[in-house]
Novice: 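Provided herewith is a single structure, encoded as structure tokens, for subsequent inquiry.
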Amino acid sequence: MALITGITGQDGAYLAEYLLNLNYEVHGIKRRTSLFNTDRIDHLYQDPHIKDRHFILHHGDLTDSMNLTRIIQEVQPDEIYNLAAMSHVAVSFDMPEYTANADGIGTLRILEAVRLLGLTQKTRIYQASTSELYGLVQEVPQKETTPFYPRSPYAVAKLYAYWITVNYREAYNIHASNGILFNHESPNRGETFVTRKITRATAHIALNMQDKLYLGNLSAQRDWGHAKDYIKAMHLILQQDTPDDYVIATGITTTVRDFVKIAFAECGLTITFNGEAEHEEGFLSDINTNIFKEKVGNDYLKEITKRIGESIVVVDPKYFRPTEVELLIGDPYKSKKILGWEPEYDLPALVKDMVEADLHLFKKDALLKAEGFRVMNYFE
Ligand code: NDP
Ligand code: GDR
């Protein structure tokens with residue numbers, strides 16, 4: 001039986017589905033919201049009136065110790081996956097105190113609940129640690145022994161969570177492990193993370209529903225993998241006899257600029273960049289009409305053709321962070337050797353999956369728009 005915090009998020013949803021397929025009883029903690037926020041897990045929903053359900057949601061919050069303790073007492077989980085977090089690095093500069101509370105102390109609350117409830121020998125704990133811990137480059141590629149140098153309130157909060165997990169493991173002999181996961185994305189990625197922002201904009205621009213894509217630091221380099229691969233590593237980590245900490249990464253890094261090029265190329269569009277840092281722009285320089293027709297559809301070809309030579313990607317310094325993490329590239333040697341973990345997706349396959357999903361999503365919107373309905377076209 002597993003308990004997942006952050007079950008409504010990208011990773012929580014994929015992990016819940018994965019564990020259900022392994023015949024787990026899955027419990028999840030979701031926040032009370034004024035509108036439903038369960039889009040990513042609606043396909044897993046089971047009517048609460050059904051007996052012998054395998055998918056059960058509880059209202060809760062990482063900032064509420066008593067609530068967490070009660071849920072853990074009720075569920076008595078064999079495995080806890082602590083995935084809940086205020087996970088947006090840029091937003092953590094606006095909400096540093098809340099981020100510390102949820103992402104840092106929230107982890108302590110879970111560990112302490114397990115200790116107080118006498119579950120230290122029953123319940124295994126996975127802590128969602130992050131490559132953001134490495135921050136300012138100390139060594140590349142980054143591995144389990146690379147020193148940390150966090151560069152945001154988010155990363156500092158996650159540093160506390162990392163070490164309190166290690167401390168409870170050593171002090172109380174809890175099976176508690178950190179997965180130091182590098183960036184992982186999917187069609188379910190939150191819309192304001194850079195990859196999804198790019199794939200959404202690619203689809204919108206190709207479908208003639210958006211003029212420009214505004215981005216921040218195009219030179220940042222990230223080691224991007226697919227969330228579907230990474231949640232399998234979380235499960236593997238908790239199946240080991242001995243708790244430990246593992247880097248999960250692809251070992252390949254790519255700039256944001258190149259991610260943009262690859263995403264647009266998926267629709268047959270070539271983007272050429274010029275200018276520097278604050279004034280850099282990406283121009284639509286060519287169209288492969290065969291790919292465009294096949295992926296996007298002939299109806300939109302005339303509109304996009306008119307835009308050759310136009311600037312489509314523009315840097316807006318408002319997206320720059322007060323302190324940036326410039327380069328992440330992970331060394332997955334240990335996780336491959338000990339966990340036997342192997343990712344199935346490479347970057348082109350990830351981008352293809354995301355662009356195709358967004359094209360599918362927004363073709364429906366384009367149809368609604370053509371019929372005169374108002375469609376949501378919100379982006380940050
Ligand atoms: P998401 O932002 O997609 O999901 C975060 C989840 O946490 C959501 O379910 C959210 O609920 C929930 N949540 C946020 N604050 C609270 C709170 N105070 N109490 C309870 N629940 C809360 O993140 P991901 O799925 O991408 O990431 C999962 C975890 O892994 C996070 O901890 C993240 O920091 C970490 N991580 C992610 C990486 C990535 O590349 N994706 C890489 C390394 C680490 P709601 O839906 O209501 O907002
Ligand atoms: P990150 O992901 O900060 O690495 O954290 P994000 O996608 O937000 O940024 C990646 C890089 O792209 C640059 N960038 C932009 N970022 C956003 N969001 N929006 C923009 O317009 C933009 N333009 C350029 C950023 O400056 C950055 O360098 C993610 C989260 O999932 C964390 O929770 C997780 O811990 C880490 O990945 C690993």
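First listed ligand is number 1; within each ligand, the first listed atom is number 1.
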Novice: Where the closest heavy atom to atom 9 (O) of ligand 1 is concerned, which of Thr38, Thr8, Leu15, Asp223 has it?
Specialist: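 Comparing heavy atoms across Thr38, Thr8, Leu15, Asp223, the nearest one to atom 9 (O) of ligand 1 lies in Thr8.
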Novice: Can you tell me if Ser152 uses its side chain to pair, donor with acceptor, with the backbone of Ala155 under 3.5 Å?
Specialist: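 Yes, the answer is positive, given that a donor and an acceptor are paired below the 3.5 Å cut-off.
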Novice: Regarding ligand 2, does Ser131 bring an N or O atom to under 3.5 Å of one of the ligand's N or O atoms?
Specialist: no
Novice: Are any of the N or O atoms of Gly9 closer than 3.5 Å to those of ligand 1?
Specialist: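 Yes.
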Novice: State whether Arg222 and Glu185 are salt-bridged, where the test is any N-O pair (Lys NZ or Arg NE/NH1/NH2 against Asp/Glu carboxylate O) under 4.0 Å.
Specialist: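 Between Glu185 and Arg222 there is no salt bridge, as every charged N stays at least 4.0 Å from the carboxylate O atoms.
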Novice: Is there any N or O on Lys197 that sits under 3.5 Å from an N or O of ligand 2?
Specialist: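 N/O-N/O distance under 3.5 Å: yes.
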Novice: Would Glu132 count as a contact residue for ligand 1, given that I'm defining contact as a non-hydrogen atom of the residue lying under 4.0 Å from a ligand atom?
Specialist: no
Novice: Heavy-atom pairs closer than 4.0 Å: do any link ligand 2 to the side chain of Arg222, the backbone, both, or neither?
Specialist: side chain
Novice: Where is the nearest protein heavy atom to atom 36 (N) of ligand 1: which residue, which atom, and how far?
Specialist: Tyr154 OH, 3.9 Å
Novice: Quick one: look at Val256 and ligand 2, take heavy-atom pairs under 4.0 Å, and tell me if it's side chain, backbone, both or neither.
Specialist: side chain
Novice: Closer than 4.0 Å to some heavy atom of Ser87 - which atoms of ligand 2 meet that?
Specialist: 30 (C), 32 (C), 33 (O)
Novice: Looking at Glu74 and Arg70, is any side-chain nitrogen of the basic one under 4.0 Å from a carboxylate oxygen of the acidic one?
Specialist: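 Between Glu74 and Arg70 there is a salt bridge, with a charged N closer than 4.0 Å to a carboxylate O.
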Novice: Would Thr195 count as being in polar contact with ligand 2, using the rule that some N or O on each side must be under 3.5 angstrom apart?
Specialist: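 No: no nitrogen or oxygen of Thr195 is under 3.5 Å from one in ligand 2.
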Novice: Take every heavy atom of Lys318, measure it against each atom of ligand 2, and state whether any distance is under 4.0 Å.
Specialist: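 Heavy atoms of Lys318 never come under 4.0 Å of ligand 2.
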Novice: Can you find an N or O of His184 that's nearer than 3.5 Å to an N or O of ligand 1?
Specialist: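 Right, the criterion is met.
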Novice: If we ignore hydrogens and angles and just use 3.5 Å, is the side chain of Trp341 paired with the main-chain N or O of Asp229 as donor and acceptor?
Specialist: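 Yes; at least one donor-acceptor contact below 3.5 Å.
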Novice: Taking the non-hydrogen atoms of Tyr154, is any one of them nearer than 4.0 angstrom to ligand 2?
Specialist: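 Yes, that is the case, since the closest heavy atom of the residue is under 4.0 Å from the ligand.
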Novice: Consider ligand 1: state whether an atom of it lies below 4.0 angstrom from any non-hydrogen atom of Thr5.
Specialist: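 The answer is no, since Thr5 has no heavy atom less than 4.0 Å from ligand 1.
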Novice: Who's closest to atom 19 (N) of ligand 2 heavy-atom-wise, of Thr192, Val325, Thr255, Val89?
Specialist: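 Among Thr192, Val325, Thr255, Val89, the closest heavy atom to atom 19 (N) of ligand 2 comes from Thr192.
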Novice: Taking everything shown except Asp47 itself, do over 12 heavy atoms lie less than 6.0 Å from its CG?
Specialist: yes
Novice: Counting from 1, what ligand 2 atoms have a heavy atom of Glu132 closer than 4.0 Å?
Specialist: 4 (O), 35 (O), 36 (C)
Novice: Answer with side chain, backbone, both or neither: which part of Phe193 has a heavy atom less than 4.0 angstrom from an atom of ligand 2?
Specialist: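 Phe193 to ligand 2: contacts from backbone and side chain alike.
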Novice: Spell out, as yes or no, whether a donor-acceptor pair under 3.5 Å connects the side chain of Arg124 to the backbone of Glu79.
Specialist: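 No, the answer is negative, given that no donor and acceptor are paired below the 3.5 Å cut-off.
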Novice: What protein heavy atom sits nearest atom 2 (O) of ligand 1, and how far off is it?
Specialist: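 Among all protein heavy atoms, the one nearest atom 2 (O) of ligand 1 is Ser87 OG, 2.6 Å.
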Novice: Indicate yes or no for a side-chain donor-acceptor contact from Glu17 to the backbone of Ala13 under 3.5 Å, with no hydrogens or angles considered.
Specialist: no
Novice: Ring centroids only, cut at 6.0 angstrom: are His88 and Phe193 within range, meaning strictly under it?
Specialist: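 Yes, the ring centres sit under 6.0 Å apart.
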Novice: I want to confirm something. Looking only at heavy atoms, which of Met86, Arg257, Arg321, Lys158 is nearest to atom 6 (P) of ligand 2?
Specialist: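 The option holding the nearest heavy atom is Arg321.
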Novice: Nearest to atom 5 (C) of ligand 1, what protein heavy atom do you find, and at what distance?
Specialist: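 Here the nearest protein heavy atom works out to Ala85 O, 3.7 Å.
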Novice: Decide whether the shortest distance between a heavy atom of Ala90 and an atom of ligand 2 is less than 4.0 Å.
Specialist: no
Novice: Compute the ring centroids of Tyr14 and His184, then answer whether they are less than 6.0 Å apart.
Specialist: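 No; His184 has its ring centre 6.0 Å or more from that of Tyr14.
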Novice: May I ask you to check whether Ala220 has an N/O atom sitting below 3.5 Å from an N/O atom of ligand 2?
Specialist: no
Novice: Side chain of Arg31, backbone of Asp61: donor and acceptor closer than 3.5 Å?
Specialist: no
Novice: Return the option from Asp103, Asp11, Val194, Val91 holding the heavy atom at the smallest distance from atom 10 (C) of ligand 2.
Specialist: Val194
Novice: Tell me, yes or no, whether the heavy-atom count around Gln239 atom CD, taken from other residues, nucleotides or ligands under 6.0 Å, exceeds 12.
Specialist: yes
Novice: Between Glu324 (side chain) and Phe320 (backbone), is there a donor-acceptor pair under 3.5 Å?
Specialist: no
Novice: I'd like to know if Lys158 contacts ligand 1, where contact means a heavy-atom distance under 4.0 Å to any ligand atom.
Specialist: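 Right, Lys158 reaches ligand 1.
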Novice: Under 4.0 Å from a heavy atom of Ala128: give me the atoms of ligand 1 that qualify, with their elements.
Specialist: 29 (C), 30 (O), 32 (O), 35 (C)
Novice: Provide the number and element of each atom of ligand 1 under 4.0 Å from a heavy atom of Leu83.
Specialist: 28 (C), 29 (C), 31 (C), 32 (O)
Novice: Between Arg109 and Leu62 (side chain of the first, backbone of the second, donor and acceptor by atom type, cut-off under 3.5 Å), is there such a pair?
Specialist: yes
Novice: Is Gly216 close to ligand 2, meaning an N/O of one under 3.5 Å from an N/O of the other?
Specialist: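 By distance alone, the answer is yes.
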Novice: Write out the residue and atom name of the closest protein heavy atom to atom 20 (C) of ligand 1, then the distance separating them to 0.1 Å.
Specialist: Leu62 N, 3.6 Å
Novice: Decide, yes or no, whether a salt bridge links Asp353 with Lys228 under the criterion of side-chain N to carboxylate O below 4.0 Å.
Specialist: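 Between Lys228 and Asp353 there is no salt bridge, as every charged N stays at least 4.0 Å from the carboxylate O atoms.
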Novice: Does Gln10 reach ligand 1 with a nitrogen or oxygen that is under 3.5 Å from one of the ligand's nitrogen or oxygen atoms?
Specialist: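 Between Gln10 and ligand 1 (N or O atoms, distance only) the closest approach is under 3.5 Å.
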Novice: What's the shortest distance from atom 21 (N) of ligand 1 to any protein heavy atom, and which residue and atom give it?
Specialist: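 That would be Ala84 CB, 3.4 Å.
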Novice: What do you reckon, does Asn37 put a non-hydrogen atom under 4.0 Å from ligand 1?
Specialist: yes
Novice: Heavy-atom distance to atom 17 (C) of ligand 1: which of Leu181, Asp61, Asp103, Ile231 wins?
Specialist: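 The residue whose heavy atom sits nearest atom 17 (C) of ligand 1 is Asp61.
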Novice: Identify, by atom number and element, the atoms of ligand 1 in contact range of Thr130, meaning under 4.0 Å from any of its heavy atoms.
Specialist: 43 (C), 44 (C)
Novice: Does the Gln138 side chain pair with the main chain of Leu136, one donor and one acceptor, at a distance under 3.5 Å?
Specialist: yes
Novice: Atoms of ligand 2 less than 4.0 Å from Glu324 heavy atoms?
Specialist: 25 (C), 26 (O), 27 (C), 28 (O)
Novice: Quick test: of every protein heavy atom, which one is nearest to atom 44 (C) of ligand 1, and how far off is it to 0.1 Å?
Specialist: Ser129 O, 3.4 Å
Novice: Does Tyr98 come within less than 4.0 angstrom of ligand 1, counting non-hydrogen atoms of the residue?
Specialist: yes
Novice: Which protein heavy atom lies closest to atom 27 (O) of ligand 1, and at what distance to 0.1 Å?
Specialist: Asp11 OD2, 3.7 Å
Novice: Counting from 1, what ligand 1 atoms have a heavy atom of Asn183 closer than 4.0 Å?
Specialist: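 Here the atoms of ligand 1 in question are 40 (O).
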Novice: Can you establish whether the number of heavy atoms outside Tyr149 located under 6.0 Å from its atom OH is more than 12?
Specialist: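 Atom OH in Tyr149 is not packed in, count stays at 12 or less.
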Novice: Taking Arg200 for its side chain and Glu191 for its backbone only, find out whether a donor-acceptor pair lies under 3.5 Å.
Specialist: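 Between the backbone of Glu191 and the side chain of Arg200 there is no qualifying donor-acceptor contact (under 3.5 Å).
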Novice: Heavy atom to atom 1 (P) of ligand 2, shortest distance: which of Leu213, Asn183, Thr130, Ile180 holds it?
Specialist: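 Looking at heavy atoms only, Asn183 sits closest to atom 1 (P) of ligand 2.
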Novice: When you measure from atom 48 (O) of ligand 1 to every protein heavy atom, which one gives the shortest distance, and what is it?
Specialist: Arg31 NH2, 2.7 Å
Novice: Do side-chain atoms of Ser177 reach the backbone of Tyr126 as a donor and acceptor pair under 3.5 angstrom?
Specialist: no
Novice: Does the pair Arg169/Asp245 count as a salt bridge with the N-to-O cut at 4.0 Å?
Specialist: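 A salt bridge links Arg169 with Asp245.
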